[in-house]
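All chains are named by letter (A, B, ...) in the order of the sequence lines, taking the proteins before the strands, and each is independently numbered beginning at 1.
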Amino acid sequence: MNSKTKRTLVALVEDRPGVLNRVSSLFRRRNFNIESIAVGHSEQPGLSRMTIVVDGATTAVEQVRKQLDKVIEVVKVIDISEEPIVARELALIKVHATSSTRSEIIEIVDIFRANIIDVAPGSLIVEVTGDEDKIESLYNLLRRFGVKELSRTGKIAMVRGAAGEINVEPEKPETEERPRRIRKAKTA
Amino acid sequence: MKRTGAQILCESLVKEGVEVIFGFPGGSVLPLYDTLPQYPQLRHILVRHEQGAAHAADGYARATGKVGVCLATSGPGACNLVTGIANAHLDSSPVIAITGQVARPFIGKDAFQEIDITGITVPITKHNYLVLKAEELATVVKEAFYIARTGRPGPVLIDIPRDVFVEEANFHYPEKVNISGFKTIVQGHPSQIKKAANLINESKKPVILAGRGVIISGAFPELKELAEKAQIPVITTLLGIGCFPEDHILSLGMIGMHGMAYANMAVCSADVLIAIGMRFDDRATGKVSGFAPHAQIIHIDIDPAEIGKNVRVDVPIVGDVKHVLRELNKQVVVQTHLDWIGQVEEWRRDHPAVVIRETDELLPQYVIRKIYEVTQGNAIIVTGVGQNQMWAAQHFWYNKPNTLISSGGLGTMGFELPAAIGAKVGKPDEAVWAVAGDGGFQMTIQELATAAQDNIAVKIAILNNGFLGMVRQWQELFYKKNYVATPLSNPDFVKVAEAYGIPGLRVTDKKLVIAAIQRAMEYNGPFLIDFVVEPEENIYPMVAPGCTLAEIIEAPWNKVKVHTGSQETSNL
């Protein structure tokens, strides 16, 4: 998918069983092409925040937004693609490492300000946070060492400043910290 | 005072004004059935298949404008509701489906008659609930009815485990609902309405395309006012039939695949098209890229997701049709559009769509026309799907809302009898005719027993041509008369009816049609007439699939227009 055609939707949804099923069922049923979906608690009890990345080249984004809005448990949904946003994704990369390649990997990881969170005799687990390009670049650099596993969260995003359009209550001051938890497929 | 879940459910239904439940019992709902006699105001009508219950609730809802309720047990009972729920969903009909579920400890264990009905019905309900505590029941019922009837109506399913019916809880019926994710925009945006009014005021060739939203919203007088004030011809969708009097000089009847030729021509030539409470179904629009090619389109609908979904829209107005039209009517100026109306009248004269050809054979169109004449139009017509449906739409004049009840979106054969039963229960003083094909009728034929047991006086007209007629017509026109799987070897419908305790007549002679209809009307109870009609009669006019509305195939006995027969991808 061309990064220019990517659109980001953020939805505030009720934290109830079956909500993710309703949303994913809708995407499948309407033939919407979804690149990623990330769900986690929001700052408001009982509500979760969903970040959905849609390929605008193949999917009518406005239809996605309107159809999502019809799901009773979706409290609010906005398209933030045109807004100034902060977007981050987290990836864990388990990369093959020997005594001869380990130091080179660590060097690359350092340049990317990523972290090594597990060391085993034959491998390392790298944790990297950033936008999609950063994760792609690091992944491409590490591939030649042999990537054994890759796990990505999908993008989460927020509008900069005190926009707060997506909130039922006023938004708290902006931070660029990651939310406490990121869960996928929480309430399927 | 503590009440059981079953009592809470019944009390809540009573509070919502429910008079009738169409249902079928089974293991998971036994505690509820045990409780029902405590609430004599809730009349239970036993159907013979759960699909019939859902269609009956749907027919009841459409005839009365109230919410229809159906009830089934877990597993197969719930699954059998699915077609009926989907039918209500596609046609925006407010139906509450209550299903039993296995007891809570058994959920997820693949217990006997367990099925994930909330999972199954996600795409075909407006919303659904699995109630896991008796104390939640009252709130859920309140919300479910609110959601079902508010905004664009639709079905809501409530799944209740067996042990929740017997669990005790305090009953308090909430006054209000509080659903933060459910908003309905009722008032149209003033600047959009102004834009629409300007467009209408400047138009030379306007047409109104009105759908079921007009009926749901109760905007009958507002639509009439708009049409008369600015002299705009009114075309309806299949489900919009009845939202504007069909005997009105400005009425052009139905649009679409089997719409009136002159209605389709008007849409093709219009400079402004005012689409009201409709959703541009492909059977209505024909080939979408060639739809209303010269028109600026104003689209009024309460569901924002319908705007721009199928057809480009120049002036979208999200809101309740009645409210929007009231505002619009204030800003629309009085006009005559003499040239335009004259042109439309010329088309109407040159391309008559509802002419029945002279013949001694018994034609299905003739049967419909005679039902119209004998009932003087004072009847609710409930159709099946296929040729019978189109003839009923074309050859009966509907002058009041909710007088044609038909499965438009899903196209469910077998809808007619159970939906007619529902309509008759809701409107006992009206004549209700089920117009059936000999194919579809056998899909829900068992509901004859329902009509017989409760003496529900539906009148059934089978247009018996010995074929799955609509499919046969397509085979004739597009598959070189290769009649595969369409000829039917039918039972003797009159004997079948008699076996169910319902009197019936077979009519093969044109001269006996009127007498048979009169006899059915005079009989105090359900009555069946098997009209043995011309086997290979086709529906005209017709727009072939994949063609635009301009490419009309007219009846061979009328003037034939150009048909290009483009073979593009289409929704067959």
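- Shown here is A:Arg113, whose CZ atom has no more than 12 heavy atoms of other residues, nucleotides or ligands within 6.0 Å.
- Of all residues in residues 64-73 of chain A, those placing a non-hydrogen atom less than 4.5 angstrom from a non-hydrogen atom of chain B are A:Lys66, A:Gln67, A:Asp69, A:Lys70, A:Val71, A:Ile72, A:Glu73.
- Residue A:Phe112 qualifies as enclosed at atom CZ: its count of foreign heavy atoms under 6.0 Å is above 12.
- With a 6.0 Å radius and a threshold of 12 heavy atoms from other residues, nucleotides or ligands, A:Asn140 has its CG atom above the threshold.
- The environment of NZ in A:Lys94 is sparse: at most 12 heavy-atom neighbours from other residues, nucleotides or ligands sit within 6.0 Å.
- Of all residues in residues 87-102 of chain B, none places a non-hydrogen atom less than 4.5 angstrom from a non-hydrogen atom of chain A.
- The line from OG of A:Ser25 to CD1 of B:Ile124 is 10.5 Å long, rounded to the nearest 0.5 Å.
- Heavy atoms closer than 4.5 Å to chain B are found in the side chain of A:Glu14, but not in its backbone.
- Using a 4.5 Å cut-off between heavy atoms, A:Arg29 contacts chain B through its side chain alone, with no backbone atom that close.
- Under the side-chain contact (heavy atoms from CB on, under 4.5 Å) criterion, B:Asn310 pairs with B:Phe280, not counting sequence neighbours.
- Other residues, nucleotides and ligands contribute at most 12 non-hydrogen atoms within 6.0 Å of the CZ atom of B:Phe106.
- Here the CG-CG distance, from B:Asp116 to A:Asn21, works out to 7.5 Å after rounding to the nearest 0.5 Å.
- Inspection of non-hydrogen atoms places B:His127, B:Asn128 of residues 127-137 of chain B under 4.5 Å from chain A.
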